[in-house]
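Encoded as structure tokens, the structure appears first; notes follow it.
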Amino acid sequence: MGSRVSLLILFLVLCHGVAVTMGRFWRTEVEEGPPRPDKLFLMLKSKRVAKTDAGEMRVLESYGGRISERRLHIGFITMEPRSLFIPQYLDSTLIIFVRSGEAKVGFIYKDKLAQRHLKMGDVYQIPAGSAFYVVNIKEAQKLHIICSIDPSESLGVDVFQSFYIGGGAHPASVLSGFEPEILETAFNASGAELRKLFTRQHEGPIVHVGDSHATSIWTKFLQLKEEEKLQHLREMVQQEEEEEAGDEEEEQQTSWSWRKLLESVFGDEINKNTREKVTRKSPHSCNLYDRKPDFKNSYGWSVAVDGSHYSPLKSSGVGIYHVNLSAGSMMAPHVNPRATEYGIVLKGSGRIQIVFPNGSNAMDTHIKEGDVFFIPRYFAFCQIASRSEPLEFFGFTTSAQRNRPQFLVGATSLMRTMVGPELAAAFGVSEETMRRVANAQHEAVILPTPWAARAHRKKEEVVVDATPKLTRNEMIMGF
């Protein structure tokens, strides 16, 4: 009887442990439940954080949990021509990638306003707590941005928290929470003027600044006469000019930062009336499309950017990669030993398979343009382009160091490097068999599937009468 009771208690303890582990694993809301098995590592939890007539931002939230050592949310920003994402700061670091269009990004860097003109393919980092804005400078083209959102420094209230510097009724400026007498003293302005300042904006966080949307408060400001613009800005920075000598350093830095943001958004006229000039110096951007591939063969190419290539990544601890697989090609099964990988399909379609540590299938699913996936650190996986079109994907890794992915199969793989009596014994085959199988694949990293191999041979035969070289690959891969 006692042994049965002991077994029952042990069983209950094990059940409780499994329940707790699974709860920590997913860390999702109970009403949502875990992802479907065939979508286990796809990011499906989407949240729209901003939407106006001028644009929107939505975020795919990382599931997190014990299996992912570091979470990254993925954001998508779309802005209409001549629009502004108003000045704000966040509790999370952003790394933005310009998918299409052109933008002007300004943010406070070392107590000065840094500005960058970004074009398609550019990557740029905006640190947590740095006030910034984004402007779509094109007259007739939308701006599309993909960004990583690092919540490691966040308040944990939401996927991230915005603190708007500019604003009014909607969104509210963070300054509007102070009592009127405090603001009147801080601005050295009347209550009537401040009420106008903090109540007129009601168009949301993304606003039009073009001539075709004259209802925008920002557009109206730009349409003011020169002397009216200057007068309005002088009132906002007057306290600093009068009390500069008596300010403490920290207060001085905050005041200067506020003024420089206003200078950049509203024009250069204010520079004539202040001693400090807006600086154009800032950390450089990095363009993915200008970089030569780190690896390239007949079946595709890949590019990786880490902290040694783009120094701002060192502080964020995030890396970037970009891969293009030709139709029917496959990224060989491999492992990321240093980082979790987050990927966004930019073009085309294909398939991704991820396996559990015990060798069982974790996810094998179709992916298409716009899908977002993640692969936990150490998990083996591969991506395959569809037969009819290439597969292009881009993404972020949770390490700014060189990732050094370990390929399990192929000409430069772990299997090839470790071949010998020990590996043969592990598989329970002769060393001769082990060497024959390990050496059968002549390509590395990006491999041809049977249909890609046949297409590649036909292309070569058009150019020159060549003997097919990939027959053995077709037999080994068994597709």
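The figures that follow rest on heavy atoms only: side chains count, while hydrogens, waters and symmetry mates do not. If you read the sequence from its start, that first residue is 1, and numbering goes on from there.
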Next on the checklist: For a side chain to side chain donor-acceptor pair (under 3.5 Å) check, start with the C-alpha distance between E56 and T78, then their side-chain angles and the critical distance, and finish with the verdict.
Outcome noted: CA-CA 5 Å; E56 72 169 4; T78 302; 5.1 Å; no

Item to check | Derivation and outcome, side chain to side chain contact (heavy atoms under 4.5 Å, CB included), residues L414 and V409 | outcome: CA-CA 7 Å; L414 290 178; V409 182; over 6 Å; no

Next on the checklist: Let's go through F85 and F132 carefully: what are the C-alpha distance in whole Å and the side-chain angles of both, what is the deciding distance for side chain to side chain contact (heavy atoms under 4.5 Å, CB included) to 0.1 Å, and is it a yes or a no?
Outcome noted: CA-CA 9 Å; F85 208 153; F132 74 97; 5.5 Å; no

Next on the checklist: Would F427 and V437 count as a side chain to side chain contact (heavy atoms under 4.5 Å, CB included) here? Give the steps.
Outcome noted: CA-CA 12 Å; F427 279 98; V437 173; over 6 Å; no

Next on the checklist: Applying side chain to side chain contact (heavy atoms under 4.5 Å, CB included) to L313 and I320, what does each step give before you reach the verdict?
Outcome noted: CA-CA 9 Å; L313 295 179; I320 301 167; 4.2 Å; yes

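Here the closest heavy-atom approach between residue A304 and residue R291 is recorded as O-NH2, 3.9 Å. Among all heavy-atom pairs drawn from F374 and L40, the shortest one is CE2-O, 4.3 Å. Listed here is the closest heavy atom pair of L113 and G106: CD1-C, 4.3 Å. For the residue pair L143 and A103, the shortest heavy atom distance occurs at CD2-CB, 3.6 Å. The two residues W301 and P293 have their closest heavy-atom pair at CB-CB, 3.9 Å. Taking each heavy atom of A385 and L391 in turn, the nearest pair found is CB-CB, 3.6 Å.
Between the D371 side chain and the K368 main chain, a donor and an acceptor come within less than 3.5 Å of each other. Side chain of T52 to backbone of I206: a donor-acceptor contact under 3.5 angstrom is found. Looking only at distances, no side-chain donor or acceptor of T93 sits under 3.5 Å from a matching main-chain atom of P127. Side chain of N336 to main chain of R338: no donor-acceptor pair is present (N/O by atom type, distance under 3.5 Å, no hydrogens or angles). Checking side-chain atoms of R404 against main-chain N and O of P337 turns up no donor-acceptor pair under 3.5 Å. When atom types are taken as modelled, the side chain of S326 and the backbone of P390 share no donor-acceptor pair closer than 3.5 angstrom. Judged by distance alone, with hydrogens and angles left aside, the side-chain atoms of D91 form no donor-acceptor pair with the main-chain N or O of A128 at under 3.5 Å. At distances below 3.5 Å, at least one donor-acceptor pair connects side-chain atoms of S413 with backbone N or O atoms of R416.
Note on ring orientation: taking the six-membered ring where Trp is involved, the planes of H334 and F381 are tilted (angle from 30° to 60°).
Proximity of D364 to R351: side-chain heavy atoms (C-beta onward) are separated by under 4.5 Å at one or more points. Contact of the V445 side chain with the M331 side chain is registered, since non-hydrogen atoms from C-beta on lie closer than 4.5 Å. Looking at heavy atoms from C-beta onward, E341 lies in side-chain contact with Y321 at the 4.5 angstrom threshold. Looking at P333 and F407, their side chains never come closer than 4.5 Å, going by heavy atoms from C-beta outward. H208 places a side-chain heavy atom less than 4.5 Å from the side chain of D53. Between S62 and M43 the shortest side-chain heavy-atom distance falls below 4.5 Å. Contact of the F76 side chain with the V372 side chain is registered, since non-hydrogen atoms from C-beta on lie closer than 4.5 Å. Counting only heavy atoms from C-beta outward, the side chains of M57 and V49 approach each other to under 4.5 Å.
Side-chain rings of Y342 and F396 stay apart, their centers remaining 6.0 Å or farther from each other. Aromatic pair F394/F97: ring centres closer than 6.0 Å. Between F107 and Y124, the distance separating the two ring centers is shorter than 6.0 angstrom.
A salt bridge links E61 with R71; the closest basic N to acidic carboxylate O contact falls under 4.0 Å.
Pairs of residues two or more places apart, or lying in two chains, that qualify as side chain to side chain donor-acceptor pair (under 3.5 Å) and include a residue from residues 310-320 are Q125-S315, Q125-S316. Judged as a salt bridge (charged side-chain N to carboxylate O under 4.0 Å, His left out), the pairs with a partner in residues 141-152 (not counting sequence neighbours) are, in order, R70-D150, E80-K142. Identified under the side chain to side chain donor-acceptor pair (under 3.5 Å) test for residues 389-399, with sequence neighbours left out: E69-T398, H322-E392, S349-E389. Listed by first then second residue, pairs satisfying ring pair (Phe, Tyr, Trp, His ring centres under 6.0 Å) with a partner in residues 138-166 read Y89-F163, not counting sequence neighbours. Pairs of residues two or more places apart, or lying in two chains, that qualify as salt bridge (charged side-chain N to carboxylate O under 4.0 Å, His left out) and include a residue from residues 425-435 are E431-R435.
To the nearest 0.5 Å, atoms CG (L60) and CD1 (I146) are separated by 10.5 Å. The line from CE of M120 to OG of S100 is 7.5 Å long, rounded to the nearest 0.5 Å. To the nearest 0.5 Å, atom CE of residue M330 and atom SG of residue C382 are 5.5 Å apart. One distance of note links CD1 of I375 with CD of Q353; it measures 12.0 Å at 0.5 Å rounding. Distance CZ/F373 to NZ/K39: 13.5 Å, rounded to 0.5 Å. Separating the NE2 atom in H366 from the CG atom in L42 is a distance of 11.0 Å, to the nearest 0.5 Å.
With no hydrogens or angles considered, no side-chain donor-acceptor pair links D306 and Q401 at under 3.5 Å. If you check the side chains of R82 and N136, you find no donor sitting under 3.5 Å from an acceptor.
A side-chain contact (heavy atoms from CB on, under 4.5 Å) with L288 is found for one member of D122, V98, V305 and no other, namely V305.
A 6.0 Å sphere centred on CG of N287 holds more than 12 heavy atoms belonging to other residues, nucleotides or ligands.
In terms of the side-chain hydrogen bond (donor to acceptor under 3.5 Å, both in side chains) criterion, residue partners of E102 (sequence neighbours excluded) are, by chain and number, H117.
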